[in-house]
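In what follows, residues are counted from 1 in the order of the sequence shown. All of these numbers come straight from a predicted model, not from anything done at the bench. Note that ligands are numbered from 1 as they come in the structure, with each ligand's atoms numbered from 1 the same way.
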Amino acid sequence: TWKPNPKYKFTFGLWTVGNVGRDPFGLPTRPDLSPAQICDLVGEAGAYGVNFHDNDLIPIDATAAETAEIKRDFTAALKRNKLKVPMATVNLFTEAVFKDGAFTSHDPAVRAYAVQKTFRAMDLGAEFGAKIFVLWGGREGAESDAHKDPYIAIQHTRQAFNLLAAYNIEKGYGYKFALEAKPNEPRGHIYNAVTGSYLAFIQTLEHPEMFGVNPEVAHEHMAGLNFVHQIAAALDAKKLFHIDLNDQEFGRYDQDFRFGSANLKHCFHLVKILEDYKYNAPRSFDCHAYRASDFEDLKWFASGNMRTYEILADKAQRWNTDKDIQALVKKITAGDEKIAKLLKSSSKASVKSIAEASFDRHELANKRLPYEQLDQLTMELLMGVR
Ligand code: GCO
Ligand code: MN
Ligand code: MN
Ligand code: MN
């Protein structure tokens, strides 16, 4: 049971399952896996596909011969595991040249190099059929605003995104760019810190239709925000091009835990909104196994992410069909249909009717909202006793 259903398009970044357990304080605890070994692991677990940064697949200093061999091995591994590559991205954070950002570096040559590196990552992704290109501004930020003018940084970001869109058109790649916000880490402050910032920023680009967002659970939780509400905004804007699923204790360092392992209730509501509104792009797990885990445990990590999603999708469906829960939902959402209709229109007639209507606020306040009951039933469903 809970075998991954391809309809969910579960994917893993090569860097997620391939994470070797290095952290700022400690050395790796697991051996390096090749891209092909990662494909075998997630393929065995039943994933739909894998994603990569340019340099997860091809080391930055690889020779032409090495590159060709890696591509050959990777292609074979994709094939034997029936894996797709729906998304590709670019590493603009590891190399020292990006120590003060890529698209927002002071140095125009660094900015141009970052754009060129992204062009090449787009070429690489296209070779493997990727149609979504994620842009996460790893080091686009500052520790102090004395260092960089944030107003100019926004303009530099726009210049880069416009160039990427132009390249996408010129090459006919048909990419949709998915912008990923993160509030802090690895910089003290990061520009476009939350998903909502990008939703607004997209409208200022030369090709807004090409750009959407790639929200990540942990990133909004690091900022203490409600992730599900960010997803609602992205869905409403028709801009949810991709999603990074993982988990994270609120307010802590960047933990990248297995999906659903820390905030099950939030994850339930997340799965519910994705399923209710028929999100249809890949569900990508951007997390890594605990540092203490070994290769065997990695398999639990990989399948655990997908199992939790499917179990929560099942719970969401039960919630939508649970008689007691739905009776409560019906009660709390019921209201005067004629007034609801007025509110839907901003016509002169609607404005006039609303302006002239009479309301009894005391009577309106009397409506019962049995929220304790509804939340408890929700929790009991989640705890498995309904
Ligand atoms: C992080 C980020 C990254 C990005 C990835 C794709 O916290 O490290 O979430 O994992 O998603 O680099 O661009
Ligand atoms: Mn992250
Ligand atoms: Mn991370
Ligand atoms: Mn991410």
With the threshold set at 4.0 Å, does a side-chain nitrogen-carboxylate oxygen contact exist between Lys71 and Glu127? yes
Would you mind checking if Lys265 and Asp375 are paired as a salt bridge, meaning a charged N to carboxylate O distance below 4.0 Å? yes
Quick one: hydrophobic cluster around Tyr191, which other residues, with the 4.5 Å side-chain cut-off, linked directly or via members? none
Taking backbone and side chain together, does Glu185 place any N/O/S atom at a distance below 2.8 Å from the Mn ion (ligand 3)? no
In terms of heavy-atom contacts, Ala302 and Phe12 come closest through O-CZ, 3.3 Å
Presence of salt bridge, Lys341 and Asp336, under 4.0 angstrom: no
Using a 4.0 Å cut-off on heavy atoms, what residues surround ligand 1? Order them by chain and number. Trp15, His53, Thr89, Phe93, Val134, Trp136, Glu180, Lys182, Glu216, His219, Asp244, Asp254, Asp286
Could you check whether Tyr309 and Phe285 have their ring centres less than 6.0 Å apart? no
Considering only N, O or S atoms, which atom of Asp256 is nearest to the Mn ion (ligand 3)? OD2
Side chain to side chain contact (heavy atoms under 4.5 Å, CB included), paired with Leu245, selected from Arg283, Met306, Glu216: Arg283
For Thr308, side-chain hydrogen bond (donor to acceptor under 3.5 Å, both in side chains) partners two or more places apart: none
What protein N/O/S atoms sit under 2.8 Å from the Mn ion (ligand 4), by chain and number? Glu180 OE2, Glu216 OE1, Asp244 OD2, Asp286 OD2
The Mn ion (ligand 3) is nearest to which N, O or S atom of Asp254? OD2
Taking Gln248 for the side chain and Gln255 for the main chain, is one N or O donor matched with an acceptor at less than 3.5 Å? yes
Could you check if a side-chain atom of Met222 sits within less than 4.5 angstrom of a side-chain atom of Lys182, using non-hydrogen atoms only? yes
Does some side-chain heavy atom of His266 sit less than 4.5 Å from a side-chain heavy atom of Phe227? no
